[in-house]
*Asks:* 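Submitted below is the structure of interest, expressed as C-alpha cells.
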Amino acid sequence: FDAQSLRDLIIQRLNSDPTINFTDQNFEGSNVSALIDIIAYSYHTLLFYLNQTSSESNFNDANLYENINRIVKLIDYKPIGKQSCILPIELKGASDLSAGYYTIPKFTFSSSQGKTYTMVQDLTFEKLTTDTETISGTTSNPLLYEGTIEEYPLIRPIGEDFETINILPGPNSIIDHFNIFAFVKETNEQNKWYEWKRVPSLFLSDPNSRNFEIRYNENKNYEIKFGNNINGKKLNEDDTVAIYYLKSNGGNGKVTKKAFVDSSINI
C-alpha cells in the first residue's frame, strides 16, 4: 500500500461497516478525515523506511554508496577512490651535469603551463658522459603524477590496537588513491623517523612490520589503519605520525603531449 490506497481502504471499510452510523470520513474537512490522513501517511513513511532498510542490507539490492561500502567492508574489500592524471616521461641530463650516479628523491616536482606533476618514488640513474644524454633510470618507465604533495597536520596516536587515522582534507579536495604516505617518529627508536609501507591487508603482516592499510570509507574519506603488534607494528602513545598525500586537480590537471619539454625539476 501507499498512503492514498491505504486511505481509500480505511474509508471503504468504515462505509461498509453497518455498526457505524456516521459518514464524516467521506468529507475532506472533517476531523475523522484528517485522522485517516495522518494514519495513512505515517504508515506510508514507515513502509518506505522498511523497504529501504530491507533492500539496503543486501549487496545486490543496495543503491546508496555508504551502505554498499559498509557491506563490502565485512569481506575486507577496499573500494578505489579517485586517481590523478599520469604522465610518462623521458629525462635528459644536461651537458653541465658530470658523469656519475644520481638519485632524484621522491616528491620532486615539475611545473609547466600552470600544471604541477610530482614524482612519487626515488629515481636512481647513471649519467655515462658529460654530453647531453637521455637518462635511463632503474625504473623502466618513470611516471609523474598530477598534483602536489600536501602534509597533513602531525598526529599523536593514543596507542590502541589497530589505531585508525581519518584524513579530512576539506571540501572539494581530491586525494589520489594510490599516493598516500605515512612516516612515524618512534620514541622507542631514539625518535627516529621511519617510512611505513602501505600493504593491501595488515593480516598478512609480521608483528614488527612497519605496515599500514588504507580504506576509502562510506563518507568518501580515507582511513589509515595501523597494526596491533600481532598483525603489523602498533603505534605507541608517544609516537608522532606524519601523513603526506597527493592532492590532485582532477580532470583539470590534463596536459597535452610535450607539455613539459625542457622543464626543470624542483627537489
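Worth saying up front: this structure is predicted, and the values here are computed from it rather than measured.
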*Asks:* Taking the six-membered ring for Trp, are the ring centroids of Tyr117 and Phe260 within less than 6.0 Å of each other?
*Replies:*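 Yes, ring centres under 6.0 Å apart.
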*Asks:* Show me the donor-acceptor pairs within less than 3.5 Å that the side chains of residues 176-185 make with the rest of the protein, sequence neighbours left out.
*Replies:*
residue	atom	partner	partner atom	Å
Asp176	OD1	Ser84	N	2.6
Asp176	OD1	Ser84	OG	2.9
Asp176	OD2	Phe178	N	3.1
Asp176	OD2	Asn179	N	3.3
Asp176	OD2	Asn179	ND2	2.7
His177	ND1	Gly81	N	3.0
His177	ND1	Tyr222	OH	3.0

*Asks:* How long is the straight-line distance from CG of Leu6 back to CD1 of Ile39, given to the nearest 0.5 Å?
*Replies:*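 These two atoms lie 8.5 Å from each other.
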*Asks:* In terms of hydrophobic clustering (I, L, V, M, F, W, Y; side-chain heavy atoms under 4.5 Å; direct or indirect links), are Ile214 and Tyr65 co-clustered?
*Replies:*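 Yes.
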*Asks:* Can you tell me how far CG of Leu144 sits from CG of Leu87, rounded to the nearest 0.5 angstrom?
*Replies:*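 If I round to the nearest 0.5 Å, the distance is 5.5 Å.
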*Asks:* Walk me through it: do Leu143 and Ile89 pass the test side chain to side chain contact (heavy atoms under 4.5 Å, CB included)?
*Replies:* CA-CA 6 Å; Leu143 297 174; Ile89 59 170; over 6 Å; no
*Asks:* For the pair Thr187 and Asp238, evaluate side chain to side chain donor-acceptor pair (under 3.5 Å) and give the outcome as yes or no after the intermediate values.
*Replies:* CA-CA 6 Å; Thr187 55; Asp238 296 328; 4.8 Å; no
*Asks:* Is Lys247 paired with Glu151 through a side-chain N to carboxylate O contact shorter than 4.0 Å?
*Replies:*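 Looking at Lys247 together with Glu151, the answer is no, because their closest N to O distance does not fall below 4.0 Å.
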*Asks:* Taking C-beta and beyond as the side chain, do Thr103 and Leu123 meet within less than 4.5 Å on heavy atoms?
*Replies:*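 They are not in side-chain contact.
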*Asks:* Any side-chain heavy-atom pair from Thr134 and Glu90 closer than 4.5 angstrom?
*Replies:*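 In contact.
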*Asks:* Evaluate Ser95 against Thr132 for side chain to side chain contact (heavy atoms under 4.5 Å, CB included), listing each step before the verdict.
*Replies:* CA-CA 5 Å; Ser95 58; Thr132 300; 3.8 Å; yes
*Asks:* Could you tell me the separation between the NZ atom of Lys197 and the CZ atom of Arg210, rounded to the nearest 0.5 Å?
*Replies:*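 Between Lys197 NZ and Arg210 CZ, I get 13.5 Å after rounding to 0.5 Å.
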*Asks:* Indicate, with yes or no, if Phe203 and Val72 share a hydrophobic cluster defined by side-chain heavy-atom contacts under 4.5 Å among Ile, Leu, Val, Met, Phe, Trp and Tyr.
*Replies:*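 Cluster IDs for Val72 and Phe203 differ.
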*Asks:* Quick check: is Leu35 connected to Tyr41 through a chain of hydrophobic side chains (ILVMFWY, heavy atoms under 4.5 Å apart)?
*Replies:*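 No, Tyr41 and Leu35 fall in different hydrophobic clusters.
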*Asks:* Which pair of heavy atoms, one from Leu154 and one from Ala242, lies closest together, and at what distance?
*Replies:*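 Heavy-atom minimum between the residues: CD2-CB, 3.6 Å.
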*Asks:* Is the side chain of Ser30 donor-acceptor paired with the backbone N or O of Ser33 at a distance under 3.5 Å, no angle test?
*Replies:*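 Confirmed, Ser30 side chain pairs with Ser33 backbone.
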*Asks:* Measure the shortest side-chain to side-chain distance between Leu246 and Thr118 over non-hydrogen atoms and say whether it is less than 4.5 angstrom.
*Replies:*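 A side-chain contact exists here, since the closest heavy-atom pair is under 4.5 Å.
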*Asks:* State plainly whether one hydrophobic cluster holds both Leu235 and Ile243, where clusters connect Ile, Leu, Val, Met, Phe, Trp and Tyr through side-chain heavy atoms under 4.5 angstrom apart.
*Replies:*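 Same hydrophobic cluster.
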*Asks:* Is the backbone N or O of Val199 less than 3.5 Å from a side-chain atom of Asn211, with the two atoms forming a donor-acceptor pair by type?
*Replies:*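 Looks like no, no N/O pair under 3.5 Å.
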*Asks:* Do Asn221 and Asn166 make a side-chain contact, defined as non-hydrogen atoms from C-beta onward lying under 4.5 Å apart?
*Replies:*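 The answer is no, as the side chains (C-beta and beyond) never meet within the 4.5 Å cut-off.
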*Asks:* Say you draw a straight line from CD of Glu218 to CG of Asn67; how long is it, rounded to the nearest 0.5 Å?
*Replies:*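 Here the interatomic distance stands at 9.5 Å.
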*Asks:* Got a second to check how far Asn208's CG is from Asn229's CG, nearest 0.5 Å?
*Replies:*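 It comes to 7.5 Å.
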*Asks:* Let's go through Ser5 and Asp8 carefully: what are the C-alpha distance in whole Å and the side-chain angles of both, what is the deciding distance for side chain to side chain donor-acceptor pair (under 3.5 Å) to 0.1 Å, and is it a yes or a no?
*Replies:* CA-CA 5 Å; Ser5 63; Asp8 294 340; over 6 Å; no
*Asks:* Could you go through Arg156 and Asp239, starting from their C-alpha distance and side-chain angles, then the distance that decides it, and tell me whether this counts as salt bridge (charged side-chain N to carboxylate O under 4.0 Å, His left out)?
*Replies:* CA-CA 6 Å; Arg156 299 300 295 270; Asp239 291 344; over 6 Å; no
*Asks:* Decide, yes or no, whether a salt bridge links Glu66 with Lys73 under the criterion of side-chain N to carboxylate O below 4.0 Å.
*Replies:*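 Looking at Glu66 and Lys73, the cut-off is not met.
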*Asks:* Mind running side chain to side chain donor-acceptor pair (under 3.5 Å) on Tyr245 and Glu150 for me, showing each step along the way?
*Replies:* CA-CA 5 Å; Tyr245 59 87; Glu150 300 290 328; 5.1 Å; no
*Asks:* Can you confirm whether more than 12 heavy atoms, excluding those of Glu237, are under 6.0 Å from its CD atom?
*Replies:*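 Check fails, neighbour count at 12 or below.
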*Asks:* So, Ser209 side chain and Ser205 main chain: donor-acceptor pair closer than 3.5 Å or not?
*Replies:*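 Side chain of Ser209 to backbone of Ser205: no pair is present.
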*Asks:* Answer whether the closest heavy-atom distance between the side chains of Ile175 and Lys82 falls below 4.5 Å.
*Replies:*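 Contact flag for Ile175/Lys82 side chains = no.
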*Asks:* Could you check whether Glu160 pairs with Lys234 (Lys NZ or Arg NE/NH1/NH2 to Asp/Glu carboxylate O, under 4.0 Å)?
*Replies:*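 Here Glu160 does not pair with Lys234 in a salt bridge, since their nearest N and O are not under 4.0 Å apart.
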*Asks:* Any chance you could lay out the side chain to side chain donor-acceptor pair (under 3.5 Å) test for Ser248 and Glu146, step after step, and finish with the verdict?
*Replies:* CA-CA 6 Å; Ser248 173; Glu146 187 277 322; 2.6 Å; yes
*Asks:* Are Arg215 and Pro79 close enough that some pair of their side-chain heavy atoms sits under 4.5 Å apart?
*Replies:*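 In contact.
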*Asks:* Consider side-chain contact (heavy atoms from CB on, under 4.5 Å). Of Asn15, Ile11, Leu9, Ile10, which one does Arg13 pass it with?
*Replies:*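 Looking at Asn15, Ile11, Leu9, Ile10, the match for Arg13 under the side-chain contact (heavy atoms from CB on, under 4.5 Å) is Leu9.
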*Asks:* Check the pair Val241 / Ile165 against side chain to side chain contact (heavy atoms under 4.5 Å, CB included), numbers first and verdict last.
*Replies:* CA-CA 10 Å; Val241 181; Ile165 297 173; 4.0 Å; yes
*Asks:* Is Glu133 close to Leu128 at the side-chain level, that is, under 4.5 Å between some pair of heavy atoms?
*Replies:*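 Yes - at least one pair of side-chain heavy atoms lies under 4.5 Å apart.
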*Asks:* Would you say Ser112's side chain and Ala259's backbone share a donor-acceptor pair under 3.5 angstrom?
*Replies:*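 It does hold such a pair.
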*Asks:* Minimum heavy-atom separation for Leu97 and Lys127, please, with both atom names.
*Replies:*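 Smallest interatomic distance, heavy atoms only, reads O-NZ, 2.9 Å.
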*Asks:* Identify the heavy atoms of Thr19 and Asp17 that sit nearest to each other, and give their distance.
*Replies:*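 So the minimum-distance heavy-atom pair works out to OG1-OD1, 2.7 Å.
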*Asks:* Please give me the minimum heavy-atom distance between Ala40 and Ala3, naming the atom from each residue.
*Replies:*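 So the minimum-distance heavy-atom pair works out to CB-O, 3.4 Å.
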*Asks:* Check Lys115 against Asn252 and note the closest heavy-atom contact, atom names and distance.
*Replies:*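 Result for this residue pair: CE-O, 2.7 Å.
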*Asks:* May I ask you to test the Phe125-Ile104 pair for a side-chain heavy-atom distance under 4.5 Å?
*Replies:*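 Counting from C-beta outward, Phe125 and Ile104 do come under 4.5 Å.
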*Asks:* How many angstroms lie between CZ in Arg198 and CD in Glu213, if you round to the nearest 0.5 Å?
*Replies:*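 Taking CZ in Arg198 and CD in Glu213, the distance rounds to 10.0 Å.
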*Asks:* For Glu163 and Ile158, indicate whether the former's side chain and the latter's backbone hold a donor-acceptor pair under 3.5 Å.
*Replies:*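 Checked: pair present.
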*Asks:* Quick one: do Ile167 and Ile174 end up in the same hydrophobic cluster if we chain Ile, Leu, Val, Met, Phe, Trp and Tyr together by side-chain heavy atoms under 4.5 Å apart?
*Replies:*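 No, it is not one cluster - the side chains of Ile167 and Ile174 are not joined through contacts under 4.5 Å.
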*Asks:* Apply the test side chain to side chain contact (heavy atoms under 4.5 Å, CB included) to residues Tyr145 and Thr116: give CA-CA distance (whole Å), side-chain angles for both, the deciding distance (0.1 Å), then the verdict.
*Replies:* CA-CA 8 Å; Tyr145 291 79; Thr116 299; over 6 Å; no
